Amino acid sequence: LVRKWTRQFGTRGLEAGTDVAVDQAGNLYVTGYTTGELAPHPGRALTGIIPDERPDHFLRKFDPSGAELWTAQWDADDLEEVLVRNVEGVEVGYQMPVKNDYRTVVALDPEDASLYVAGTIGRRISWYTAAGAQDLFLAKFGAGNGELSWRKEWNGSWGSDDVPSAITVAPDGDIYLTGRTMETPFDGSFHPDLLLMRWSPEGALRSTATLGSRAFEFGPETKPAGYDVGTAITLDASGSFGYVAGITYGTLPGAGGHY
């Protein structure tokens, strides 16, 4: 392997890149979180540090040579907007409420030059209410200029944390996500189930599926269910079959064993 170039960026806060996508022209799209201001907010002092240090999401585009083309950052607090700044410093705001967000994942649809970013939205509500402490969001951006096309939110049952871990786009443009959700309570306790979702290019939720492990023995105890989460997803060339990998602490249906 030969290193072509390296780009380092940040603020006086904390930054982390959590996923990356590349288009057919060689442009790169990096998503992650920041506690600083990569795309400054109007009316906020440009100190490079968010006052409450709650992370924001960001999406940054680089050309094949590593030059920054634009950056989108959406607020984790109460401003409720996405701000896109290009290299000339021009900023545009789009509505997108977010709070207490960390990891994000990104996928590219090469057919219509769209970007899909998924992550979580934290809620200031009790854990047992219908909407979860962390709800899942899916947003569509234009790859050319970073403009937000639409944003959708989804919350599972039992006040769960609904967290995406991986995303991919099918040849027909549908978006597939995997991660975790709290689907069913067992004996008064809660255990994450693997989550699989399919969305249309227009932001319609086509289907959801969950997969949870059954009871298993661990020493003298019998555990009611395991911790099950999808961590990677891919499709075959036709988009007819999908494959999900992940983690379980139980025995999944159809599996031959457990640990």
Side-chain angles (χ1 to χ4, degrees), residues 1-11 15-34 37-40 56-74 81-94 96 98 101 103-119 137-152 164-178 197-204 231-243:
L1 296 177
V2 177
R3 181 173 61 88
K4 297 296 184 181
W5 50 260
T6 300
R7 295 294 180 269
Q8 181 173 333
F9 60 92
T11 67
E15 282 74 41
T18 58
D19 205 7
V20 63
V22 182
D23 65 22
Q24 294 177 336
N27 298 302
L28 289 87
Y29 305 86
V30 179
T31 188
Y33 61 86
T34 176
E37 295 179 355
L38 297 173
D56 281 6
H57 285 153
F58 74 83
L59 179 63
R60 175 166 286 189
K61 180 179 181 178
F62 295 91
D63 72 12
S65 68
E68 178 196 345
L69 298 180
W70 51 258
T71 299
Q73 179 173 336
W74 47 103
E81 60 185 0
V82 174
L83 290 142
V84 179
R85 175 182 59 80
N86 62 22
V87 291
E88 285 76 31
V90 178
E91 299 171 2
V92 184
Y94 305 99
M96 189 173 182
V98 179
D101 301 312
R103 175 179 169 81
T104 50
V105 291
V106 61
L108 179 75
D109 184 349
E111 296 300 322
D112 66 354
S114 295
L115 289 163
Y116 296 95
V117 178
F137 81 83
L138 176 65
K140 181 177 183 178
F141 292 85
N145 57 10
E147 181 176 353
L148 178 69
S149 299
W150 50 255
R151 180 261 307 154
K152 302 293 181 179
S165 300
I167 184 173
T168 190
V169 180
D172 63 2
D174 279 0
I175 306 99
Y176 290 80
L177 292 171
T178 191
M197 311 183 80
R198 179 184 180 186
W199 297 77
S200 76
E202 295 75 35
T231 58
I233 185 170
T234 190
L235 304 171
D236 67 5
S238 67
S240 301
F241 294 95
Y243 302 89

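The structure displayed is predicted, hence computed values, not measured ones.
In terms of heavy atoms, A16 sits closest to F58 at O-CE2, 3.8 Å. For the residue pair P171 and G239, the shortest heavy atom distance occurs at CD-CA, 3.8 Å. Nearest heavy atom pair, residue W70 against residue G142, reads CZ2-O, 3.9 Å. Considering all non-hydrogen atoms of both residues, V22 and L108 come closest at O-CD2, 3.6 Å. Between Y116 and L138, the shortest heavy-atom contact is CB-CD1, 4.2 Å. For the residue pair V169 and A107, the shortest heavy atom distance occurs at CG2-CB, 3.9 Å.
Judged as a salt bridge (charged side-chain N to carboxylate O under 4.0 Å, His left out), and not counting sequence neighbours, the contacts of D172 are R198. D109 is linked by a salt bridge (charged side-chain N to carboxylate O under 4.0 Å, His left out) to nothing, counting only residues two or more places apart in sequence or in another chain. With sequence neighbours excluded, the residues satisfying side-chain contact (heavy atoms from CB on, under 4.5 Å) with S238 are D236, S240.
Inter-residue side-chain proximity for T234 and Y176 is flagged as unmet; no heavy-atom pair is nearer than 4.5 Å. Using a 4.5 Å cut-off on side-chain heavy atoms (C-beta onward), R60 and F9 make contact. Looking only at side-chain heavy atoms (C-beta outward), N27 and P64 come within less than 4.5 Å of each other. Annotation: side chain of I167 is in contact with side chain of I175 (closest heavy-atom distance under 4.5 Å). Between L38 and T11, the closest side-chain pair of non-hydrogen atoms falls below 4.5 Å. Side-chain atoms of V117 and H57, non-hydrogen and from C-beta on, never get closer than 4.5 Å to each other. Here the side chains of Y29 and T31 are not in contact, with every heavy-atom distance at 4.5 Å or above.
Side chain of T104 to main chain of A118: no donor-acceptor pair is present (N/O by atom type, distance under 3.5 Å, no hydrogens or angles). Between the side chain of E15 and the backbone N or O of G10, no donor-acceptor pair lies under 3.5 Å. When atom types are taken as modelled, the side chain of K61 and the backbone of A143 share a donor-acceptor pair closer than 3.5 angstrom.
To the nearest 0.5 Å, the span separating CZ on F141 from CD on E147 amounts to 10.5 Å. Annotation: the span from L28 atom CG to S65 atom OG amounts to 10.0 Å, rounded to 0.5 Å. With rounding to the nearest 0.5 Å, the separation of NZ in K152 from NZ in K140 is 11.5 Å. Here the OH atom belonging to Y33 is positioned 8.0 Å from the OG1 atom belonging to T18, to the nearest 0.5 angstrom.
Evaluated for a side-chain hydrogen bond (donor to acceptor under 3.5 Å, both in side chains) with T6, the options K4, R3, Q8 yield exactly one hit, R3.
Note that R7 lies outside the cation-pi zone of F62, set by a 6.0 Å cut-off to the ring centre and a 45° limit from the axis.
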